[in-house]
Amino acid sequence: ILSAVMFGGVHILLAFGDVPLRYVLRFMISAALFGLVFPYLILRVRNGLAYSYMAHWAYYALSVVLPHIFLSAGAT
């Protein structure tokens with residue numbers, strides 16, 4: 001639970017940038033959920049560090065990159 005609080009809490013730093021509140025909250029909640037799962041993956045699953053790393057980047061790809069690409073493609 002401590003890792004969920006720490007991982008989710010560190011994402012509050014997004015609020016000090018030019019990030020909308022809905023994104024800050026979404027990233028904080030997602031990070032807290034990942035903070036519950038990642039320690040188990042890293043410590044108990046073979047190649048768990050790789051799986052947690054892939055899950056982390058897959059989340060960013062689905063959450064940030066792909067919507068940005070598809071939304072900007074419709075603007076041209």
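Side chains included, hydrogens not; waters and symmetry mates left out as well; all remaining heavy atoms used.
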Practice item. Look at atom CG of Leu66 and say whether more than 12 heavy atoms of other residues, nucleotides or ligands are closer to it than 6.0 Å. Key: yes
Point to revise | Tyr53: side chain to side chain donor-acceptor pair (under 3.5 Å) partners, not counting sequence neighbours | key: Trp57
Check your understanding: What is the distance from atom CG of Leu36 to atom CG of Leu2, rounded to the nearest 0.5 Å?
Key -> 11.0 Å
Exercise for review: Find the distance between CG (Asn47) and CD1 (Ile42) and round it off to the nearest 0.5 Å.
Suggested key: 12.0 Å
Point to revise | Over 12 foreign heavy atoms within 6.0 Å of CE, Met54 | key: yes
Practice item. Please list, chain by chain and in numerical order, all residues satisfying side chain to side chain donor-acceptor pair (under 3.5 Å) with Ser3, sequence neighbours excluded. Key: none
Point to revise | Those residues that, when tested against Phe38, pass ring pair (Phe, Tyr, Trp, His ring centres under 6.0 Å) (two or more places apart) | key: Phe34
Check your understanding: Does atom CG of Leu62 have more than 12 heavy-atom neighbours from other groups under 6.0 Å away?
Key -> yes
Study note, to complete from the structure: With Met28 as partner, the option from Ile12, Leu33, Leu14, Val10 fulfilling side chain to side chain contact (heavy atoms under 4.5 Å, CB included) is Ile12
Exercise for review: Locate the shortest heavy-atom distance separating Ala4 from Ala32; write the atom from each residue and the value.
Suggested key: CB-O, 3.2 Å
Review point. Quick one: does Leu49's side chain get under 4.5 Å of Ser52's, heavy atoms only?
Key: yes
Check your understanding: Which heavy-atom pair separates Ser30 from Tyr59 by the least distance, and what is that distance?
Key -> OG-OH, 3.1 Å
Review point. Is it the case that one hydrophobic cluster holds both Phe7 and Tyr40, taking links as side-chain heavy atoms less than 4.5 Å apart, direct or via other members?
Key: yes
Exercise for review: Check whether any side-chain heavy atom of Tyr60 sits under 4.5 Å from a side-chain heavy atom of Val65, and report yes or no.
Suggested key: no
